[in-house]
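Report on the structure given below.
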Amino acid sequence: MIPQVRRQPLAAQAAELLLARIRAGEWPLGHRLPGETLLAAQLGVGRSTVREAIRELAGKGVLDSRQGAGVFVTALDVTEDWDVVLRGATIVAVIEARIAIEAEAAALAAERRTPADLRAIRRTLAERRVEGRPVADHVDADMAFHRAVVVAAHNDVLTQLFDSLLPRLRLAMIDMLELRPVRSEQDDQHAHEQLAQAIADRTPTAAAEFSRAHLSALKEAFT
């Protein structure tokens, strides 16, 4: 039997219509939607269908139903899957995100690092110095150092954001370094040593600046 096209459920159609109106700016961020009765009349459906449509959009983070207060707009569109976003992102965009994450993480690490954090940073820094190994191994050692810095910030959100960028970044770094090795491995290592020392010295401003300068130079290498 040849599969037949199924009609979209009525609630899903209603959810699409509500989302289209939100995207069009009819209900701004934080705005309360009209009541179920009015929405049902406008959409030409029953109140139960409206409730189901609202539940669908609430599950996608667009609406928030607050008991006794109404339904409010909490996002202006459905957020794309994070993996899909990263696969389509340019490496420059990923590095810019790294700058935002890691510069702040470096400053926090300088304030919050523990002796164990500092040992991890110094261990991964030493592992970066190993020469004559495959590019992929060097990139993994570099990523381990940067992750140790982020972990030392003791902010789980920053760590998860960094981890989400790693797969996209790792492949791009390997490709770039195989084509264009760093001009001076000594200078590159020194930049990482400066960052580690600033964290050891508990100087947040310097740590943030060293992190930003290093990553900005990396961004330029990709442009």
Side-chain angles (χ1 to χ4, degrees), residues 82-83 85-87 89-223:
W82 186 231
D83 290 337
V85 172
L86 284 179
R87 282 197 295 270
T90 65
I91 189 58
V92 169
V94 173
I95 293 173
E96 287 174 348
R98 276 191 71 187
I99 293 171
I101 293 167
E102 293 188 53
E104 178 63 18
L108 292 174
E111 295 175 353
R112 301 173 179 175
R113 58 89 175 161
T114 65
D117 293 326
L118 196 54
R119 286 194 295 272
I121 289 171
R122 286 172 169 161
R123 183 183 66 252
T124 54
L125 180 65
E127 290 170 355
R128 283 192 86 262
R129 295 193 189 98
V130 178
E131 298 180 2
R133 58 185 170 183
V135 170
D137 291 347
H138 172 75
V139 170
D140 288 341
D142 181 67
M143 294 296 99
F145 169 80
H146 286 279
R147 190 179 190 279
V149 170
V150 175
V151 168
H154 293 276
N155 182 308
D156 290 341
V157 176
L158 290 176
T159 301
Q160 290 184 38
L161 286 171
F162 179 85
D163 286 347
S164 70
L165 299 177
L166 270 182
R168 176 79 175 88
L169 180 67
R170 180 181 183 274
L171 294 176
M173 287 295 297
I174 291 171
D175 289 344
M176 186 195 76
L177 291 176
E178 286 180 341
L179 292 173
R180 290 182 293 168
V182 293
R183 293 180 181 177
S184 171
E185 291 185 6
Q186 185 176 359
D187 289 346
D188 184 56
Q189 182 68 15
H190 180 61
H192 290 78
E193 289 170 352
Q194 287 180 308
L195 172 56
Q197 191 59 51
I199 293 171
D201 292 341
R202 296 192 183 277
T203 52
T205 301
E209 286 304 313
F210 285 133
S211 177
R212 184 179 299 278
H214 164 65
L215 292 172
S216 295
L218 179 63
K219 174 185 170 182
E220 290 178 9
F222 278 95
T223 56

Scanning both residues in full, the closest heavy-atom pair of R202 with P204 reads O-CD, 3.3 Å
Do V150 and E102 have side-chain heavy atoms sitting under 4.5 Å apart?
-> yes
In this structure, OG1 of T114 is separated from CZ of R119 (nearest 0.5 Å) by 7.5 Å
Rounded to the nearest 0.5 Å, the CG atom of L195 sits from the CZ atom of F210 at a distance of 8.5 Å
d(R133 CZ, D140 CG) to nearest 0.5 Å is 8.5 Å
Between the CG atom in L166 and the CG atom in L171, the distance rounded to the nearest 0.5 Å is 10.5 Å
Between L165 and A97, the two heavy atoms sitting closest are CD1-CB, 4.1 Å
| message | Quick check against the 3.5 Å criterion: does S164 have a side-chain atom that pairs as donor or acceptor with the backbone of L161? | response | yes
Query - Beyond-backbone contact of E127 with F145, side-chain heavy atoms, under 4.5 angstrom - result: no
Side chain to side chain contact (heavy atoms under 4.5 Å, CB included) evaluation trace for T124 with R147: CA-CA 9 Å; T124 54; R147 190 179 190 279; over 6 Å; no
For L169 and I91, the nearest pair of non-hydrogen atoms, with its separation, is CD1-CD1, 3.8 Å
*Using a 4.5 Å cut-off on heavy atoms from C-beta on, say whether the side chain of H138 contacts that of V130.*
no
Any donor-acceptor pair under 3.5 Å linking the side chain of R113 with the backbone of I199? yes
### Query
Backbone N or O of A153 within a donor-acceptor pair of the E111 side chain at under 3.5 Å?
no
Q. Between R112 and D117, does at least one N-O distance fall below 4.0 Å, as a salt bridge requires?
A. no
Taking every heavy atom of I121 against every heavy atom of A196, the minimum-distance pair comes out as CG2-CB, 3.8 Å
To the nearest 0.5 Å, atom CD of Q189 lies from atom CG of D187 at 11.0 Å
Correct closest heavy-atom pair for A198 and A110 would be O-CB, 4.1 Å
The reported gap from CD in Q197 to OG1 in T203 (rounded to nearest 0.5 angstrom) is 8.5 Å
For a quick test of your reading: what N or O donor-acceptor pairs under 3.5 Å do the side chains of residues 214-221 make, sequence neighbours left out?
residue	atom	partner	partner atom	Å
H214	NE2	H192	NE2	3.4
S216	OG	R212	O	2.8
K219	NZ	E96	OE2	2.8

Could you tell me whether R129 and E193 make a salt bridge, using a distance below 4.0 angstrom between a side-chain N and a carboxylate O? yes
Nearest heavy-atom approach of A207 to A107 is CB-N, 4.4 Å
